[in-house]
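Taking it in order: structure first as structure tokens, then the write-up.
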Amino acid sequence: MRACLQAFLTPLFAAALLLFADTPAAAQDANADARRRMVREIAEMAAETAVETGRPRLDARVMAAMGQVPRHRFVQPGDVGQAYANRPLPIGHGQTISQPYIVALMTDLLALKPGDKVLEIGTGSGYQAAILAYLGAQTHSIEIIPALAEQGRKNLADAGYRQVRLRTADGYYGWPEAAPFDAIIVTAAASHVPPPLVQQLKPGGRMVIPVGTAFLTQHLLLVQKQADGGVITRQILPVRFVPLTGGPKGG
Ligand code: SAH
């Protein structure tokens, strides 16, 4: 009886494993191919925008991260087929997961070393945070919309990036208890560079932030904090991001 039960259970178990296995091998290969294509498109776009960005080739480690992190796990179920197109996609609540080229460029501009402490403002889907974590950064990320914070947390956990530290709060004010940071990345457009974020950047640290009018002209800025605490700001590229809400005016 026992042997019989075992004989019955083993194929059942195998079938259940197959059913619940994350992604079948063929789909995994298709995703890997799609990611390789996406990485080629990012490289082409980097070359095309080099005059503005000064970065004709992005850091090889950043490109490797783009080639490995499963973006399809961070998009909405209906958009999985579009996950590796080089464009932004909706993630609900009027927000978007950024265009892969922009994710790669912003990450490149942070010039991260493994072990750097990084703060992201705007967790959203969790994809950018996963890229930072893949690069070995001690990643902290803040999201203001509770439902998205929860979604981001789930996406990161499901994709195996449980080490990312997450907080639901207004990122304008940063994360004072975890400061100072080697790098800060803001993934929503602010009207100005938030002073609390400059304060929480280490001397020698770098911040990448889109600044400008909501949905109109915005520029990606690289803000570098000098040893004496002063900042040098460089305009990198015109961009289009969803607005950073919160801050002193409360939105
Ligand atoms: N980095 C995200 C992109 C999300 S879009 C990703 O990889 O998917 C920008 C996100 O910033 C949105 O989720 C939005 O809710 C969030 N956001 C806007 N203002 C914010 C604020 N003051 N503090 C924290 N998050 C904010």
Side-chain angles (χ1 to χ4, degrees), residues 38 42 62 65-66 69-77 79-80 82-107 109-110 118-135 137 139-159 161 164-176 178 181 183-197 200 207-215 218 220 239-251:
M38 180 186 83
I42 292 171
V62 172
M66 300 302 296
V69 174
R71 192 172 189 256
H72 65 277
R73 285 172 167 271
F74 294 87
V75 303
Q76 294 190 315
D79 286 334
V80 167
Q82 307 283 313
Y84 296 104
N86 186 22
R87 62 179 179 86
L89 289 169
I91 54 171
H93 305 270
Q95 309 303 315
T96 52
I97 178 173
S98 304
Q99 179 187 18
Y101 162 68
I102 292 292
V103 172
L105 176 66
M106 289 174 82
T107 309
L109 291 166
L110 295 177
V118 180
L119 175 64
E120 178 194 24
I121 310 301
T123 314
S125 70
Y127 177 68
Q128 173 72 70
I131 295 284
L132 298 171
Y134 183 93
L135 289 167
T139 308
H140 300 66
S141 185
I142 305 179
E143 171 57 51
I144 201 167
I145 299 177
L148 276 177
E150 191 40 47
Q151 189 59 50
R153 182 183 301 278
K154 184 175 183 315
N155 291 346
L156 283 162
D158 289 353
Y161 298 96
V164 176
R165 296 179 56 194
L166 299 165
R167 170 179 273 194
T168 309
D170 180 356
Y172 181 93
Y173 300 100
W175 191 325
F181 297 96
I184 298 180
I185 175 169
V186 182
T187 64
S191 60
H192 59 274
V193 179
L197 298 185
Q200 291 173 33
M207 170 165 28
V208 178
I209 176 171
V211 171
T213 329
F215 300 113
Q218 303 164 2
L220 193 62
V239 285
R240 196 160 192 188
F241 276 80
V242 293
L244 185 78
T245 58
K249 292 192 299 295

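We count ligands from 1, going down the list as the structure has it; atoms in each ligand are counted the same way.
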Who are the side-chain contact (heavy atoms from CB on, under 4.5 Å) partners of Pro196, not counting sequence neighbours? Tyr172, Tyr173, Pro194, Gln200
Check: every ligand 1 N/O to protein N/O pair under 3.5 Å:
residue  : atom   : partner : partner atom : Å
ligand 1 : 1 (N)  : Glu120  : OE2          : 2.8
ligand 1 : 1 (N)  : Gly122  : O            : 2.9
ligand 1 : 1 (N)  : Thr187  : OG1          : 3.1
ligand 1 : 7 (O)  : Gln128  : N            : 3.1
ligand 1 : 8 (O)  : Ser125  : N            : 3.0
ligand 1 : 8 (O)  : Ser125  : OG           : 2.6
ligand 1 : 13 (O) : Glu143  : OE1          : 2.7
ligand 1 : 13 (O) : Glu143  : OE2          : 3.3
ligand 1 : 15 (O) : Glu143  : OE2          : 2.6
ligand 1 : 19 (N) : Thr245  : N            : 3.0
ligand 1 : 19 (N) : Thr245  : OG1          : 3.3
ligand 1 : 22 (N) : Asp170  : OD1          : 2.8
ligand 1 : 22 (N) : Thr245  : O            : 2.7
ligand 1 : 23 (N) : Gly171  : N            : 2.7
ligand 1 : 25 (N) : Ile144  : N            : 3.2

To the nearest 0.5 Å, what is the distance between CG on Leu132 and OG on Ser141? 8.0 Å
Stepwise side-chain hydrogen bond (donor to acceptor under 3.5 Å, both in side chains) check, Glu143 with Thr123: CA-CA 5 Å; Glu143 171 57 51; Thr123 314; 4.8 Å; no
Asn86 (side chain) donor-acceptor with Tyr101 (main chain) under 3.5 angstrom: yes
Gln95: side chain to side chain donor-acceptor pair (under 3.5 Å) partners, not counting sequence neighbours: none
Taking side chain to side chain donor-acceptor pair (under 3.5 Å) as the definition, give me every residue that meets it alongside Tyr161, ordered by chain and number, with sequence neighbours left out. none
